[in-house]
Structures are given as structure tokens and as C-alpha cells.
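Only heavy atoms go into these numbers, but all of them, side chains included; no hydrogens, no water, no symmetry mates.
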Amino acid sequence: MIVFDACRSKLLQASKRTTSTMFPPGLFILLAVLGQISGNFGANIARGGTATQSSMGWNGLPERAIDGNRASEWGQGSCTHTEGQAKPWWRLDLLKTYNIDTVTITNRKDCCHERINGAEIRIGNTLSDNGNNNPKCAVISSLAAGASQTFQCNGMEGRYVNVVIPGRTEYLTLCEVEVTAIEKGDSTEYVCG
């Protein structure tokens, strides 16, 4: 465990090593004083994983959803696409177990944005039913065309992040999936006091 003492200079050094775009230095210090910060600070870990999906339509490769590009029009080459099928799914393997904080989904803009409505985000460590039996983090009730929405998963533990449309025949298209998390067992703490 790494512990930073009450010394302001050490806290500032620590804040420079974190993802500075997520926390301005003043906010970092305030949160550190309150004991609200630990581990990773908002880095997208999805890009380090591998992706797969239930089928592939129109050359919509599953890894497009983790290419770091939120481009949301099909012609830009950054969206996935399954065939029309019952219960289509997409899965991210993070290669390690994490405590998942957030999952951000970017929807397609140029067509068919309503297809994602009702999709579930599932997180866990099992591949039962291709990972679709893992616990539910959220349901995407509605997501506007081209929009990105962040879903809070509150530290759910898992290696796999699934997006699945249950209960109907549909196409699944994702233009970006971003995940913030802390690797299980990371005990980095920032303590001031």
C-alpha cells in the first residue's frame, strides 16, 4: 500500500502522476484530505482488453468499440455491428479482474440509434451464456443518436464487460465502450492527516 502523508508537496506530486484531466489539482487535494481517492483516476482501461461479439455484420469488427475513437457515423469505420439475431451481444475481456467504476457507451449517430434501447451492461467473471449471465450494472433505456452516456457500476467486480440486447431480435452496434476501474487488489490510498 502506498500512503502519502499530510505534506502538500507530496500530494501535489501524487496529483501530477494521476490523470490530470479527471481531477484539477485543487480538487485532488480536497478529495485526498477527505479520504475519497484511491487507485486509478479515470483512465480508460478498455483499450488494453480484447473484444468479441455474437456475430459480425457489414465488417463491423468488435474491436472497433475499443479503438479510442468516439466517431459515431458508420462510414467513419469506428462502430461495431452484429447480424440481426436474437439476443445479440458484445463482450470485452479486460484480461484481469477489476472493480469497475464506470462504463461509457457511445451510440451510432447516422442510423438506427434506437436499436440499443433496452440493452444491458453486465459485469462479472463467468463466461456462462457468453458472459450474459453476469450481474447487471445498468440498462440502457434510451441513448440519443451519436451520444455518449456514462453508467455507474460502483466497483462491481469482473473481468468481462458485456453489452447484450435481451428478449428480441436486433442488430447491436456500438461506436465506443470505455471502462474506468481499479485493478482488484490495488490498495493505493492517498491519505492526508
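Looking at heavy atoms from C-beta onward, Ile105 lies in side-chain contact with Phe151 at the 4.5 angstrom threshold. Side chains of Ile182 and Asp101 form no contact here, defined as non-hydrogen atoms less than 4.5 Å apart. With a 4.5 Å cut-off on side-chain heavy atoms, Val161 and Tyr98 do not count as touching. Under the 4.5 Å side-chain criterion, counting only non-hydrogen atoms from C-beta, Gln53 is in contact with Thr80. Here the side chains of Thr50 and Leu92 are not in contact, with every heavy-atom distance at 4.5 Å or above. Side-chain contact between Leu143 and Arg108 is absent, with no heavy-atom pair separated by less than 4.5 Å.
Asn125 CG to Arg159 CZ: the interatomic distance, rounded to the nearest 0.5 Å, is 8.5 Å. One finds the CG atom of Asn44 at 8.0 Å from the OG1 atom of Thr104 (value rounded to the nearest 0.5 Å). Note that the SG atom of Cys175 and the NZ atom of Lys109 stand 11.0 Å from one another [nearest 0.5 Å]. Distance CG/Leu94 to CD/Glu183: 10.5 Å, rounded to 0.5 Å. Here OG1 of Thr97 is found 12.0 Å from CD1 of Ile123. Values are rounded to the nearest 0.5 Å. Atom CG of Asn69 is separated from atom OG of Ser78 by 4.0 Å, given to the nearest 0.5 angstrom.
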Next on the checklist: With side-chain contact (heavy atoms from CB on, under 4.5 Å) as the criterion, how do Thr150 and Val103 come out once you've worked through the C-alpha distance, each side chain's angles and the decisive distance to 0.1 Å?
Outcome noted: CA-CA 6 Å; Thr150 299; Val103 176; over 6 Å; no
Q.
Determine whether Val179 and Ile100 satisfy the following criterion, side-chain contact (heavy atoms from CB on, under 4.5 Å), listing intermediate values before the conclusion.
A. CA-CA 7 Å; Val179 177; Ile100 310 294; 3.9 Å; yes
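Summarising the geometry of Trp90 relative to Ala65, their closest heavy-atom pair is CZ2-CB, 3.7 Å, with the distance given to 0.1 Å. Across Leu174 and Ile116, no two heavy atoms sit closer than the pair CD2-CD1, 3.7 Å. Between Met56 and Leu61 the shortest heavy-atom distance is SD-CD2, 3.2 Å. When all heavy atoms are compared, the tightest approach of Asp110 to Glu73 is OD1-CA, 3.6 Å. Smallest separation of non-hydrogen atoms from Glu170 and Pro88: O-CG, 3.5 Å. Here the shortest heavy-atom pairing between Ile45 and Ala181 reads CD1-CB, 3.6 Å.
The existence of a salt bridge linking Glu176 and Arg70 is excluded, since no basic side-chain nitrogen approaches an acidic carboxylate oxygen closer than 4.0 Å. A salt bridge links Lys87 to Asp129: one of the charged nitrogens lies within less than 4.0 Å of a carboxylate oxygen.
Residues satisfying the salt bridge (charged side-chain N to carboxylate O under 4.0 Å, His left out) test with Glu120, not counting sequence neighbours, are Arg122, Lys136.
No side-chain N or O of Thr102 forms a donor-acceptor pair with one of Gln152 less than 3.5 Å apart. With no hydrogens or angles considered, no side-chain donor-acceptor pair links Asn134 and Thr126 at under 3.5 Å. For Gln85 and Ser54, the side-chain atoms include at least one donor-acceptor pair closer than 3.5 Å.
Screening residues 160-183 for ring-ring contact (aromatic ring centres under 6.0 Å, His included), with sequence neighbours left out, gives Trp58-Tyr171, His81-Tyr171.
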